[in-house]
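So the structure is just underneath, and the comments pick up after that.
Both backbone and side-chain heavy atoms feed into the values below; hydrogens, waters and symmetry mates do not.
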Amino acid sequence: PGINQLLQRHLFGDLFARGILDRKDREISTVAALASLDGVDAQLKAHIGIATNVGLTAVQLTDVAAVLGETVGAPQRQSAEAAIRAVLP
């Protein structure tokens with residue numbers, strides 16, 4: 001619930017407008033957050049695509065999924081990996 005509230009309040013608002021995170025870091029954060037939520041598969045896939053558009057590679061996104069698996073849990077890793085497989089060749 002906390003991450004969902006953060007996303008709703010700050011995804012396109014004050015947090016990213018501050019210039020603290022560059023575009024790659026924003027997408028890493030967004031992909032990680034979305035992979036941790038249920039029912040947001042379409043958004044997760046969209047952000048995988050956006051992440052590659054801002055310069056992240058498939059390897060880097062797979063690394064994000066691995067970190068999720070180590071720090072959050074296997075379901076989050078699996079969610080990220082499934083989205084990566086669905087979007088990237």
Closest heavy-atom pair and its distance - [X], [Y]:
X: L68; Y: A80; value: CD1-CB, 4.1 Å
X: E81; Y: A65; value: CG-CB, 3.7 Å
X: L34; Y: H47; value: CD1-CD2, 3.5 Å
X: A83; Y: K45; value: CB-CG, 4.1 Å
X: Q60; Y: L56; value: OE1-CA, 3.3 Å
X: D22; Y: D25; value: OD1-N, 2.7 Å

*Please walk me through it: do T52 and T57 pass side-chain contact (heavy atoms from CB on, under 4.5 Å)?*
CA-CA 6 Å; T52 61; T57 67; over 6 Å; no
_Other residues, nucleotides, ligands: >12 heavy atoms within 6.0 Å of D38 CG_ = no
*Is there a path from L37 to V67 through hydrophobic residues (I, L, V, M, F, W, Y) whose side chains come within less than 4.5 Å of each other?*
no
*Tell me, please, which residues at least two apart from D63 pass side chain to side chain contact (heavy atoms under 4.5 Å, CB included).*
V59
*Check step by step if side-chain contact (heavy atoms from CB on, under 4.5 Å) holds for L61 and L88.*
CA-CA 10 Å; L61 289 167; L88 302 178; 4.1 Å; yes
_As an exercise, state the distance from CG of N53 to CD1 of I48, rounded to the nearest 0.5 Å._
11.5 Å
*Working to the nearest 0.5 Å, report the span between CD of Q43 and CD1 of I50.*
10.5 Å
